[in-house]
Amino acid sequence: MGGAAASQIDFNHSLAQGAPWSALIIVVSVLVLLFLMTGSLIVPLKALLINSLSLVASLE
């Protein structure tokens, strides 16, 4: 198969396949950087929770 539709399906599949890894890398890096910056464990967790809730609310 070929064409634009097949190319779009392949692109969506590869994007969905890599999304969990990229989300994990972002979450871990944000937690580590905020922990190193603040020295607290609560602040990075709270920031991650608030940002994810804001993102979910904006998508609905």
Side-chain angles (χ1 to χ4, degrees):
M1 294 286 166
S7 178
Q8 184 67 35
I9 290 172
D10 289 341
F11 176 74
N12 288 344
H13 183 313
S14 66
L15 201 65
Q17 190 176 8
W21 283 107
S22 62
L24 180 69
I25 290 170
I26 290 170
V27 166
V28 168
S29 63
V30 165
L31 286 174
V32 168
L33 289 173
L34 281 175
F35 174 74
L36 291 174
M37 190 174 76
T38 61
S40 171
L41 221 89
I42 303 282
V43 172
L45 291 174
K46 185 178 172 183
L48 190 64
L49 179 68
I50 296 295
N51 286 334
S52 60
L53 286 175
S54 173
L55 180 64
V56 168
S58 68
L59 291 176
E60 288 185 7

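Values in this document were obtained by computation on a predicted structure and should not be read as measured data. Heavy atoms only: backbone and side chains are in, while hydrogens, waters and symmetry mates are out.
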- Is the closest side-chain heavy-atom distance between Ser22 and Ile25 below 4.5 Å? no
- Using a 4.5 Å side-chain heavy-atom cut-off and chaining through intermediate ILVMFWY residues, the residues clustered with Phe35 come out as Trp21, Leu24, Val28, Val32, Leu36, Leu41
- Pick out which of Leu33, Val27, Leu49, Leu34 makes a side chain to side chain contact (heavy atoms under 4.5 Å, CB included) with Pro44. Leu34
- Message: Nearest 0.5 angstrom please: Lys46 NZ to Leu48 CG, how far?
- Response: 13.5 Å
- Message: Whether the side chain of Ser54 engages the backbone of Ile50 through a donor-acceptor N/O pair (distance < 3.5 Å, no angle test) should be reported.
- Response: no
- Query: Counting only heavy atoms not in Leu55, do more than 12 sit closer than 6.0 Å to its CG atom?
  - Reply: yes
